[in-house]
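Remarks on the structure that follows.
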Amino acid sequence: MAKKSIKEVISKSQEAIFVDFYADWCGPCHSMDPVISEVMNELDGKVKLLKVNVDKHPQLAQQFGIRSIPHYMLFKRGKILWRKGGIITKRDLAKSLKGFI
């Protein structure tokens with residue numbers, strides 16, 4: 001089966017998708033990884049995680065207006081439900097995402 005493009009996954013998904021725009025060289029991105037993992041576990045599969053490396057997908061980052069990383073977006077059926085840039089606490093992230101599921 002052909003690998004779906006990220007855009008395709010985002011636009012066709014019936015469930016919420018949390019997109020983490022990051023880069024390997026980004027310190028704050030790495031510090032957010034355990035926070036995101038914990039929140040995803042708490043949400044118990046109700047939200048899918050999609051990590052997008054902005055260095056490997058610059059057009060996608062540009063298309064969504066990502067100017068700084070880390071940057072997070074929540075999509076459902078291709079629509080942006082929520083977005084936030086920078087470091088975010090586990091509590092705030094969980095609260096924000098739970099509002100949409």
Side-chain angles (χ1 to χ4, degrees):
M1 192 170 91
K3 197 171 160 214
K4 282 186 181 168
S5 74
I6 294 169
K7 264 182 82 172
E8 215 181 330
V9 171
I10 290 170
S11 63
K12 291 195 165 63
S13 177
Q14 296 301 304
E15 52 203 328
I17 297 184
F18 178 77
V19 183
D20 172 8
F21 290 93
Y22 76 100
D24 293 333
W25 48 263
C26 168
C29 299
H30 290 293
S31 66
M32 283 300 296
D33 283 343
V35 173
I36 292 168
S37 294
E38 284 176 36
V39 172
M40 289 296 128
N41 287 337
E42 279 178 25
L43 296 174
D44 206 24
K46 292 183 180 82
V47 175
K48 273 187 174 165
L49 173 62
L50 183 61
K51 291 180 74 71
V52 176
N53 186 323
V54 295
D55 290 334
K56 292 183 179 150
H57 302 280
Q59 303 89 345
L60 202 63
Q62 190 178 9
Q63 186 186 338
F64 289 118
I66 309 301
R67 290 193 174 74
S68 63
I69 49 173
H71 197 98
Y72 311 104
M73 297 177 83
L74 185 69
F75 291 90
K76 195 166 189 175
R77 293 187 194 92
K79 294 200 175 31
I80 300 168
L81 302 179
W82 174 88
R83 73 184 295 165
K84 176 121 175 67
I87 298 281
I88 183 170
T89 65
K90 181 184 167 206
R91 197 172 134 250
D92 287 347
L93 179 60
K95 203 169 110 186
S96 298
L97 297 183
K98 282 176 183 166
F100 295 102
I101 57 170

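When a residue number appears, it is its place in the shown sequence, counting from 1. Below, each value reflects all heavy atoms present in this structure, side chains not excepted, and no hydrogens, waters or symmetry copies. Just so it is clear, the structure is predicted and the values come from calculations on it, not from any experiment.
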How long is the gap from [atom1] on [X] to [atom2] on [Y], to the nearest 0.5 Å?
| X | Y | atom1 | atom2 | value |
| --- | --- | --- | --- | --- |
| Arg77 | Ser13 | CZ | OG | 8.5 Å |
| Leu43 | Leu97 | CG | CG | 6.0 Å |
| Lys76 | Ile17 | NZ | CD1 | 11.0 Å |
| Asp20 | Met73 | CG | CE | 12.5 Å |
| Leu74 | Ser96 | CG | OG | 9.5 Å |
| Lys95 | Thr89 | NZ | OG1 | 9.0 Å |

Begin from the C-alpha positions of Ile10 and Phe64 and carry the test side chain to side chain contact (heavy atoms under 4.5 Å, CB included) through to its verdict.
-> CA-CA 12 Å; Ile10 290 170; Phe64 289 118; 4.3 Å; yes

Spell out, yes or no, whether [X] and [Y] are grouped together once hydrophobic residues are joined by side-chain heavy atoms under 4.5 Å, including indirect joins.
| X | Y | result |
| --- | --- | --- |
| Phe100 | Val9 | no |
| Ile66 | Val19 | yes |
| Ile87 | Trp25 | no |
| Leu49 | Ile88 | yes |
| Leu50 | Val39 | no |

State, yes or no, whether a side-chain contact exists between Val54 and Tyr22 at a heavy-atom distance under 4.5 Å.
->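 No, their side chains stay 4.5 Å or more apart.
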
Mind checking whether Asp24 and Asp55 have side chains closer than 4.5 Å, heavy atoms only?
->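 They are not in contact (no side-chain heavy atoms under 4.5 Å apart), so the answer is no.
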
Provide the closest heavy-atom pair for Ala23 versus Asn53 in the form atom of the first, atom of the second, distance.
->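 Closest pair (atom of Ala23, atom of Asn53, distance): CA-OD1, 4.1 Å.
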
Given Met32 and Ile69, is the side chain to side chain contact (heavy atoms under 4.5 Å, CB included) satisfied, shown in steps?
-> CA-CA 11 Å; Met32 283 300 296; Ile69 49 173; over 6 Å; no

Residue list, side-chain hydrogen bond (donor to acceptor under 3.5 Å, both in side chains) with His57, at least two apart or on another chain |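 side-chain hydrogen bond (donor to acceptor under 3.5 Å, both in side chains) check on His57 returns nothing, list empty.
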
Qualifying residues under ring-ring contact (aromatic ring centres under 6.0 Å, His included), relative to Phe18, sequence neighbours excluded |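 Scan of Phe18 (ring-ring contact (aromatic ring centres under 6.0 Å, His included), adjacent residues dropped) gives Tyr72.
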
Take Ile101 and Glu15 through the test side chain to side chain contact (heavy atoms under 4.5 Å, CB included) and record every step on the way to the result.
-> CA-CA 9 Å; Ile101 57 170; Glu15 52 203 328; over 6 Å; no

Residue pairs, two or more places apart or on separate chains, that pass salt bridge (Lys or Arg N to Asp or Glu O under 4.0 Å) and touch residues 27-44 |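 Of all non-adjacent pairs touching residues 27-44, those that pass salt bridge (Lys or Arg N to Asp or Glu O under 4.0 Å) are Asp33-Lys51, Glu38-Lys90, Glu42-Lys90, Glu42-Lys98.
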
Dump the intermediate steps for side chain to side chain contact (heavy atoms under 4.5 Å, CB included) on Phe75 and Leu81, then the final yes or no.
-> CA-CA 6 Å; Phe75 291 90; Leu81 302 179; over 6 Å; no

